[in-house]
Amino acid sequence: MAAVSELIAQLKAEQRRLSERVIMEDVPPFESKIVAGVDVSYVESVAVGCLVVMDLQSQKTIQTEQKTVECTAPYIPGYFFLREGPVLIELLEDLHIPGPLLVDGNGTLHPRRLGLASHLGIRLDLQTVGVAKSLLMGEIQQRQGNMASILDHDDCVGTALWLTGRKNPVFVSVGHRISLSTAVEIVQHSSTSGYPEPLRRAHSIAKETLQELQTK
DNA sequence: GCGACAG
DNA sequence: ATCTTGTCGC
């Protein structure tokens, strides 16, 4: 029990340390129309991670990769990387991702500015964007058009974005090597029916794989 | 101390 | 996240 709080304290310190390395500028700038997305599905202690790379112009999936691993780490708000990090690192570490990577979770929209998307970006040196379906923290400011800034004291940590076809907003934040405005732009451009298509596809493929795994 | 809390 | 049927709507 004491070991758990010690682990949390260590993770917290590591988050603070790594967050200093987050780059909030477009490196490289977003020019191609290739966007990727990753998601993880679970059945008991089995986790299936899926990557989808798609071309926004043609709406075609140009690459799909999956990884199945054993995962017993608990989900603890603020420490999502503890649970999804291992699967995603195994899935992505040897791949070349030809465009920004959308991650189901937050980037800098996090108590210590290092949500899953940022942590993954730093660890694998990837350009990432955080997209969450519910608000982890921060105060949503007045809506202007289809967006609203999310503040934590004086820091703008993300943007609430109302996408066409979805009632509630998604919460976009900088993962790594990207600016908040470009992150929002990418999410808008890759969305269909109120949700980013690369994430929707990654989610459904991971779920299908899990179904097959259960059936066999 | 109480409540909130990405998936 | 996951457990889960029908049902309303385009």
Side-chain angles (χ1 to χ4, degrees), chain A residues 4-5 8 11-12 14-15 18-19 22 37-52 66-89 91-92 101-123 128-140 148 150-153 155 157-161 163-176 180 183-184 187 192-196 198-215:
Chain A
V4 176
S5 59
I8 294 296
L11 293 175
K12 190 175 288 187
E14 182 188 35
Q15 290 177 340
L18 293 180
S19 71
V22 171
V38 279
D39 191 38
V40 181
S41 283
Y42 303 86
V43 108
E44 295 178 353
S45 64
V46 176
V48 174
C50 178
L51 164 77
V52 163
Q66 296 189 76
K67 201 78 170 185
T68 298
V69 304
E70 177 76 11
C71 173
T72 54
Y75 161 65
I76 303 172
Y79 304 89
F80 194 27
F81 185 84
L82 182 65
R83 183 166 173 76
E84 298 215 335
V87 200
L88 295 176
I89 284 180
L91 171 66
L92 304 165
L101 177 69
L102 301 181
V103 179
D104 197 346
N106 296 304
T108 57
L109 177 30
H110 179 276
R112 291 162 294 280
R113 310 290 181 270
L114 198 85
L116 177 63
S118 297
H119 202 149
L120 214 49
I122 294 288
R123 293 285 277 260
T128 58
V129 174
V131 182
K133 296 177 290 298
S134 64
L135 189 65
L136 173 63
M137 49 87 65
E139 299 157 10
I140 300 177
I150 300 168
L151 268 46
D152 180 24
H153 299 89
D155 291 349
V157 293
T159 299
L161 179 66
L163 295 164
T164 306
R166 189 186 212 279
K167 181 173 185 178
N168 301 313
V170 290
F171 304 95
V172 181
S173 59
V174 169
H176 185 47
L180 182 55
V184 167
V187 171
T192 298
S193 302
Y195 199 65
L199 289 178
R200 173 181 287 134
R201 293 183 188 183
H203 185 272
S204 93
I205 291 171
K207 240 171 98 177
E208 283 176 14
T209 299
L210 221 42
Q211 296 288 326
E212 293 168 13
L213 260 162
Q214 288 185 95
T215 307

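The chains referred to below are lettered A, B, ... by the order of the sequence lines, with proteins before strands, and numbering in each begins at 1.
Put simply, CG on A:Leu109 is 10 Å from P on B:dG7, counting in whole angstrom units. Rounded to an integer number of Å, the gap from CZ of A:Arg112 to C1' of B:dA6 is 13 Å. Rounded to an integer number of Å, the gap from A:Asn106 CG to B:dA6 C1' is 5 Å. The separation between A:Phe81 atom CZ and B:dA6 atom C1' is 14 Å, rounded to whole Å. One interatomic measurement links the two molecules: NE2 of A:His110 to C1' of B:dA4, which rounds to 14 Å at whole-angstrom precision. For the pair A:Leu120 CG and B:dG7 P, the computed distance is 15 Å after rounding to whole Å. Distance CG (A:Asp39) to C1' (B:dA6): 12 Å, rounded to an integer number of Å. Regarding A:Tyr195, its OH atom lies at a distance of 11 Å from the C1' atom of B:dA6, rounded to whole Å.
Remark: side-chain polar atoms of A:Thr108 are not paired, donor with acceptor, to backbone N or O of A:Arg113 under 3.5 angstrom. Under a 3.5 Å cut-off, the side chain of A:Arg83 and the backbone N or O of A:Pro74 do not form any donor-acceptor pair. Panel note: side chain A:His176, backbone A:His119; no donor-acceptor pair is recorded below 3.5 Å.
Among the protein residues, A:Gly130 comes within range of no part of the nucleic acid, since none of its heavy atoms lies under 4.0 Å from any strand. Nucleic acid contact class of A:Tyr42 (heavy atoms, under 4.0 Å, all strands): sugar-phosphate only.
In summary, A:Lys133 and A:Asp104 engage in a salt bridge, as defined by a charged side-chain N under 4.0 Å from a carboxylate O. No salt bridge links A:Lys207 with A:Asp39; every basic N to acidic carboxylate O contact stays at or beyond 4.0 Å.
Note that OG1 of A:Thr68 is 9.5 Å distant from CG of A:Leu91, once rounded to the nearest 0.5 Å.
When the side-chain nitrogen and oxygen atoms of A:Tyr75 are compared with OP1 and OP2 of B:dA6, one or more of them lie within a distance under 4.0 Å. Considering only side-chain N and O atoms, A:Lys133 lies under 4.0 angstrom from the phosphate OP1 or OP2 of B:dG7.
Along DNA chain C, read 5' to 3', the first and last nucleotides having any atom under 4.0 Å from a heavy atom of chain A are C:dA1 to C:dT2.
Shown here is A:Glu44, whose CD atom has no more than 12 heavy atoms of other residues, nucleotides or ligands within 6.0 Å.
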